[in-house]
Amino acid sequence: MNAEVRLLGIRQILAQKQLLSGGWPALTLSSQTVLEPTAYSMMALGSDLWDEHKRARRCLVRCQNPNGSWPAFIGDDDEGSWATALALIALRNYSENVPAQLKGFRWLLRSAGKESSLLWRWKFQTADRHARFDPNKFGWPWQPRTNSWVVPTAFAILALNQLSCTCDLEDSEQRIRRGIEMLLDRVCPGGGWNAGNGVVYGGALAPHPDDTAIALLALKNHSDEPVVPKSLEWLEGTATTLSAPWSLAWAVLALAAYSRNVRPLVGFLADLVGHIDIQDTATLAVVALALDFERSLILLAS
Amino acid sequence: MAITRQELLVGGAAIVAGASVTTPFFRPRYRIKRCPARSRVAILHVEDYSRPIDELLFSGLRLFCINVQGKTVLLKPNLVDYIPGTALNTHHQLVVAAAEAFRHLGARNVVVGEGPGHQRDTQLVLSDSGYEGELKLHKIPFVDLNRDELTRTRLAASYTDLQYLWLPRTIFQADFIVSMPKVKTHHWSGVTLSMKNMFGVVPGNKYGWPKNILHWSGIQHSILDVCATVPIHFVIADAVMAMEGNGPLNGSPRPLCTVVLADDPVAADATCARVMGFEPDRIAHIHEASHFLGNSSPALIDQAAEALRVPEVPFQVVPEFRHICAI
């Protein structure tokens with residue numbers, strides 16, 4: 001099936017899956033609003049689904065925590081989660097949401113991997129060297145009081161890159177720089193990224209297509225770093241073998257961001273999703289973003 | 001010798017202070033006790049994963065008093081990631097065989113559920129590891145526990161200071177939970193067996209990939225808290241092709257041609273540890289779990305089917321866990 005027709009179909013499905021809250025559930029049969037699928041779905045909706053988009057925006061603003069962060073799902077504890085970066089990306093073009101966004105950015109700048117504290121840095125540099133990484137290079141965790149990981153760091157960088165002013169957020173440049181250093185530090189020996197470290201107990205970990213693609217999107221302004229072409233090459237080689245829509249969709253977005261010809265992959269993705277019953281809303285939304293990659297890259301770009 | 005009033009007050013205060021500091025160390029950290037009077041374990045010889053595995057498993061299950069009539073059974077395999085050529089995940093043929101066996105035993109629903117700890121793309125793990133086609137063929141539903149609807153759940157033990165976890169509704173809808181671990185060594189916890197396998201019910205959507213909060217809370221302690229809260233009713237452990245060395249991801253395959261069945265997760269893990277050449281009481285979570293979640297002592301375990309054979313050479317482990325080797 002033609003990619004455009006498939007895209008329209010997926011957008012309609014997303015509109016049907018929207019919950020009364022204005023958000024989206026993670027899985028079809030759930031009624032719990034989850035932030036990750038909500039942010040992707042909101043970005044994936046086209047301009048003809050304006051009402052749904054507006055409800056989604058209201059949902060995001062409504063569920064922001066008092067400390068400026070966003071929860072992983074509605075009903076979650078209010079200490080904040082990595083989904084804060086996703087909410088900020090989804091809300092970026094809406095001026096009425098600026099106060100909420102600034103609060104969110106402030107929280108994001110306060111959030112850091114636990115290895116960033118002096119005591120834990122010392123521990124990871126001296127007593128605990130089994131996972132190979134430099135704790136001076138830290139990024140963002142999935143949730144407070146845990147280590148930095150590749151995906152939350154990459155999304156935090158993408159969100160902070162979209163700041164159009166210093167907005168009393170002077171630390172942002174430094175945090176972006178640290179986050180970039182962290183991604184470069186954690187790369188797998190053969191290129192690409194796993195969830196976190198590239199080497200544990202002397203053994204190289206295999207890269208994941210989705211983690212690699214998301215890290216590459218965050219490193220778009222750092223294409224001169226040697227690990228970037230190496231990881232792109234790995235992703236390009238792997239993308240043609242992928243049989244899962246989530247990973248393939250992220251690969252399309254990353255390869256397109258680096259001006260690779262993704263048309264054949266987009267065609268394959270459009271066919272692939274026609275044969276699978278996708279229960280996972282985030283996957284469906286990311287597929288829609290990939291099928292409409294030119295528009296999506298503008299949403300993700302700095 | 002007379003004691004002055006002041007000495008009495010100081011002495012009394014010291015006793016009260018001492019008691020308040022030490023009491024928490026002696027108070028049990030669990031609120032439930034599930035140790036049966038006796039546990040039953042069966043060790044099956046299974047040469048490989050080809051078709052007769054369903055017959056072997058079904059006859060193995062009949063060695064137990066299992067009542068799943070009209071119940072919802074949740075099979076929880078260990079699906080971490082997919083790395084070609086490694087014995088990383090519970091083999092899909094064993095999971096399908098288990099699903100069919102429980103259906104034969106009268107289960108109303110059999111569901112497979114897992115929340116891979118490392119790989120966010122669950123669909124990729126399912127398709128690359130052979131699960132997707134087999135589950136579809138046998139009409140066995142799969143639930144991604146990383147993305148299931150969540151319920152705030154008070155922990156039934158307090159080895160960590162977490163107090164509660166958000167857990168997927170599927171595990172509370174199940175009447176009978178079967179932990180189906182891949183028998184592996186683990187560089188942070190020594191082994192990963194039926195109890196460590198339950199980390200897979202902790203949802204990535206809330207806690208991330210990996211579920212790093214469990215590492216920061218102490219892996220051995222987290223295993224105890226999770227297993228106290230989510231009961232394992234039965235164990236089917238895949239040691240047909242096990243893993244040794246730098247597990248759970250980068251170890252080497254080691255054939256054991258064995259499937260371990262048990263009606264008690266502690267007895268299952270103690271037996272698997274012995275089959276790997278380890279002393280179970282030297283593995284912190286198995287030792288502690290034997291106080292409240294099951295039996296680790298051979299004196300309390302009825303052994304069925306094959307005899308327990310301890311290997312001449314124990315499974316390789318990372319240096320920090322050499323002390324768990326029995327030899």
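In what follows, chains are A, B, ... by sequence order, proteins preceding strands, each numbered from 1. Keep in mind that the numbers below use all heavy atoms, side chains included, and drop hydrogens, waters and symmetry copies.
- Gln279(A) has its side chain out of reach of Arg147(B): every pair of non-hydrogen atoms, C-beta onward, lies at least 4.5 Å apart.
- When each of Ile83(B), Val318(B), Leu249(B) is checked for heavy-atom pairs under 4.5 Å with chain A, Val318(B) comes out on top.
- There is no contact between Tyr82(B) and chain A, counting heavy-atom distances below 4.5 Å.
- Between the side chain of Asp280(A) and the main chain of Asp121(B), no donor-acceptor pair closer than 3.5 Å is present.
- Atoms CH2 and CH2, from Trp209(B) and Trp142(A) in turn, are 5.5 Å apart once rounded to the nearest 0.5 Å.
- For a residue to count as touching a neighbouring chain, one of its non-hydrogen atoms must lie under 4.5 Å from one of that chain's; by this rule Leu150(B) touches chain A with backbone and side chain alike.
- Here the side chains of Thr283(A) and Gln123(B) are not in contact, with every heavy-atom distance at 4.5 Å or above.
- Asn250(B) places a side-chain N or O within 3.5 Å of a backbone atom of Ala204(A) that can act as its donor or acceptor partner.
- Below 30°, between 30° and 60°, or above 60°: for His187(B) and Tyr201(A) the angle between ring planes is below 30°, a parallel geometry.
- Per-residue heavy-atom pair counts under 4.5 Å with chain A were compared for Glu132(B), His215(B), Arg169(B), Lys136(B), and the maximum is reached by Arg169(B).
- Residue with the most contacts toward chain B among Ala206(A), Ala195(A), Pro25(A): Ala195(A) (heavy-atom pairs, distance under 4.5 Å).
- No part of Asn146(B) comes within reach of chain A, as not one of its non-hydrogen atoms sits under 4.5 angstrom from that chain.
- In this structure, the separation between CH2 on Trp216(B) and CZ on Arg145(A) is 11.5 Å, given to the nearest 0.5 Å.
- From Arg120(B), atom CZ reaches atom CD of Glu36(A) across 4.5 Å, with rounding to the nearest 0.5 Å.
- For the set Leu242(A), Val200(A), Val151(A), Val34(A), the count of heavy-atom pairs under 4.5 angstrom toward chain B peaks at Val200(A).
- Residue with the most contacts toward chain B among Val150(A), Asp77(A), Ile278(A): Asp77(A) (heavy-atom pairs, distance under 4.5 Å).
- A distance of 3.5 Å separates NZ in Lys206(B) from CG in Asp76(A), rounded to the nearest 0.5 Å.
- For Asn205(B), the parts lying under 4.5 angstrom from a heavy atom of chain A are both the backbone and the side chain.
- The shortest distance between side-chain heavy atoms of His208(A) and Gln119(B) falls below 4.5 Å.
- Contact annotation for Phe142(B): neither backbone nor side-chain heavy atoms come within less than 4.5 Å of a heavy atom of chain A.
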